[in-house]
Amino acid sequence: VYMFSQDNPRRSSLRGHMQVSAISHLYKEGKINKIFIAGGKVWGEEYPSLAAIMKAELVRRGISQDNIVTRPEAMDTPREIDLFLAEAKKEGWQNLASLSNTTHSPRIKNIYARRRVSVARLRAEEVLDSINLENHHQHPFPYRKFLDRFRNSNLEKRFKFRERMTTLAYQLGLERITTKIAQSTRTQRFKVNFDE
């Protein structure tokens with residue numbers, strides 16, 4: 001998951017909406033059947049968990065809540081991955097995939113490599129870019145203009161900078177330190193400037 005919307009901490013951020021759209025499409029196409037979400041109450045107990053927000057958005061898009069597994073405990077990406085791998089092992093899931101936005105994908109790959117686990121990696125932008133509404137004569141590829149603007153946005157440039165810094169910290173063996181920093185609600189509120 002990504003952060004709450006800056007305007008409304010009861011909704012996903014733009015990146016979260018991209019993920020919800022991509023997951024909904026993959027689910028309706030029959031390409032996935034179980035969805036796992038681990039984002040916790042990153043802004044504090046008075047706010048819903050990121051997992052609960054995303055689950056509600058997926059249910060509104062017609063996904064059965066029986067097929068959405070949440071563990072709303074994670075404050076950072078490594079913890080999300082660890083919770084996912086633990087759930088997959090417990091449930092005996094075999095064909096695993098991790099969906100993220102493109103810029104976040106290298107760090108996720110790095111974390112899985114350090115866990116010595118290989119999973120398919122899906123990028124929300126690629127899923128959205130592939131959606132073809134053949135019967136729609138004006139906008140058969142409804143996300144393409146949005147994706148072009150998103151890729152060149154200041155928001156994405158800031159996120160790329162954050163990802164480079166965090167990836168560097170991981171490469172220097174500082175994952176435990178970044179995890180401790182991520183446990184602060186103050187840090188999580190600051191992250192909206194990058195994750196929105």
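As a basis for the values below, the full set of heavy atoms in this structure was taken, side chains included, without hydrogen atoms, waters or symmetry mates.
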Q: Hey, are the side chains of Leu155 and Arg158 touching, using non-hydrogen atoms and a 4.5 Å cut-off?
A: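 The answer is yes, as the side chains (C-beta and beyond) meet within the 4.5 Å cut-off.
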Q: Do Thr77 and Ile108 touch side chain to side chain, with heavy atoms closer than 4.5 Å?
A: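 SC-SC contact between Thr77 and Ile108 confirmed.
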Q: Compare every heavy atom of Tyr27 with every heavy atom of Asn33, then report the nearest pair and how far apart it is.
A: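 Looking at all heavy atoms of both residues, the shortest contact is O-CE1, 4.0 Å.
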Q: So do Leu128 and His25 actually touch side chain to side chain, heavy atoms under 4.5 Å?
A: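 A side-chain contact is absent here, since even the closest heavy-atom pair is not under 4.5 Å.
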Q: Angle between ring planes, His104 versus Phe159, binned at 30° and 60°: parallel, tilted or perpendicular?
A: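 The arrangement is perpendicular - the two ring planes meet at more than 60°.
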Q: Show the numbers, then the answer: is there a side chain to side chain contact (heavy atoms under 4.5 Å, CB included) between Ile68 and Met54?
A: CA-CA 10 Å; Ile68 304 170; Met54 187 174 272; over 6 Å; no
Q: Taking the side chain as every heavy atom from C-beta outward, state whether Met18 and Tyr143 have any atom pair closer than 4.5 Å.
A: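 Not touching, per the 4.5 Å side-chain cut-off.
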Q: Take atom CD of Gln65 as the centre, draw a 6.0 Å sphere, and report whether it contains more than 12 heavy atoms from other residues, nucleotides or ligands.
A: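 Counting other residues, nucleotides and ligands, CD of Gln65 stays at 12 neighbours or fewer.
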Q: Between atom CG of Asn110 and atom OG of Ser105, what is the distance when rounded to the nearest 0.5 Å?
A: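 Rounded to the nearest 0.5 Å, the CG-OG separation comes to 11.0 Å.
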Q: Determine yes or no for a side-chain-to-main-chain donor-acceptor pair under 3.5 angstrom, with Lys34 supplying the side chain and Asp66 the backbone.
A: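 Yes.
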Q: Under 3.5 Å, is there a donor-acceptor pair between the Ser100 and Arg15 side chains?
A: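 No pair is found: no donor N or O on one side chain lies under 3.5 Å from an acceptor on the other.
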Q: Search all heavy atoms of Ala74 against all heavy atoms of Glu80 and return the closest pair with its distance.
A: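 Between these two residues, the closest heavy atoms are CB-CG, 3.4 Å.
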Q: Evaluate the side-chain proximity of Glu29 to Leu26: yes if any heavy-atom separation is below 4.5 Å, no if none is.
A: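 Result no, sub-4.5 Å side-chain heavy-atom pair not found.
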Q: Can you tell whether the side chains of Glu87 and Lys90 come within less than 4.0 Å, N to carboxylate O?
A: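 A salt bridge links Glu87 with Lys90.
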Q: Which residue, Arg123, Arg144, Lys145, forms the salt bridge (Lys or Arg N to Asp or Glu O under 4.0 Å) with Asp129?
A: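 One option only clears the test, and that one is Arg144.
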Q: Could you check if a side-chain atom of Leu96 sits within less than 4.5 angstrom of a side-chain atom of Tyr112, using non-hydrogen atoms only?
A: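 Leu96 vs Tyr112: side chains apart.
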Q: For a 4.5 angstrom cut-off between non-hydrogen side-chain atoms, does Val20 reach Arg60?
A: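 No, too far: nothing below the 4.5 Å cut-off.
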Q: At what distance, to the nearest 0.5 angstrom, does OH of Tyr47 lie from CD1 of Ile53?
A: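 Nearest 0.5 Å value for the OH-CD1 distance: 11.5 Å.
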Q: Looking at CD of Glu156 and CG of Asn101, how far apart are the two atoms once the value is rounded to the nearest 0.5 Å?
A: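 Glu156 CD to Asn101 CG: 7.0 Å, rounded to 0.5 Å.
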Q: Could you measure the distance from the CG atom of Leu83 to the CD atom of Glu73? Nearest 0.5 Å is fine.
A: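 It comes to 5.0 Å.
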Q: Can you tell me how far apart CD (Glu57) and CD1 (Ile63) are? Round to the nearest 0.5 Å.
A: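 If I round to the nearest 0.5 Å, the distance is 11.0 Å.
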Q: Would you mind reporting whether Pro72 and Leu50 have side-chain heavy atoms less than 4.5 Å apart?
A: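 When only atoms from C-beta onward are counted, Pro72 and Leu50 do not touch, as no gap falls below 4.5 Å.
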Q: Main chain of Leu99, side chain of Gln19: is a donor-acceptor contact present, judged purely on distance under 3.5 Å?
A: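 Looks like yes, one N/O pair under 3.5 Å.
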Q: With a 3.5 Å distance limit and no angle check, can you tell me whether Lys28 reaches the backbone of Gly62 through a side-chain donor-acceptor pair?
A: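 Judged by distance alone, no pair lies under 3.5 Å.
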Q: Look at the side chain of Thr167 and the backbone N and O of Arg164, then say whether any donor-acceptor pair between them is shorter than 3.5 Å.
A: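 No; zero donor-acceptor contacts below 3.5 Å.
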Q: Could you check whether any side-chain N or O of His17 sits under 3.5 Å from a backbone N or O of Ser12, counting only pairs where one atom can act as donor and the other as acceptor?
A: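 Yes; at least one donor-acceptor contact below 3.5 Å.
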Q: Run the side chain to side chain contact (heavy atoms under 4.5 Å, CB included) check on Leu58 and Ile37 step by step: do they pass?
A: CA-CA 11 Å; Leu58 290 166; Ile37 314 167; 3.8 Å; yes
Q: How long is the straight-line distance from CZ of Phe36 back to CD of Glu91, given to the nearest 0.5 Å?
A: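 It is 10.0 Å, given to the nearest 0.5 Å.
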Q: For Pro48 and Lys41, work out which heavy atoms get closest and say how close.
A: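 In terms of heavy atoms, the two residues are closest at C-CG, 4.0 Å.
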Q: Name all residues meeting the side-chain hydrogen bond (donor to acceptor under 3.5 Å, both in side chains) criterion together with Thr102; count only those two or more places apart in sequence or in a different chain, and write none if there are none.
A: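 Counting only residues at least two positions away or on another chain, Thr102 forms a side-chain hydrogen bond (donor to acceptor under 3.5 Å, both in side chains) with Glu125.
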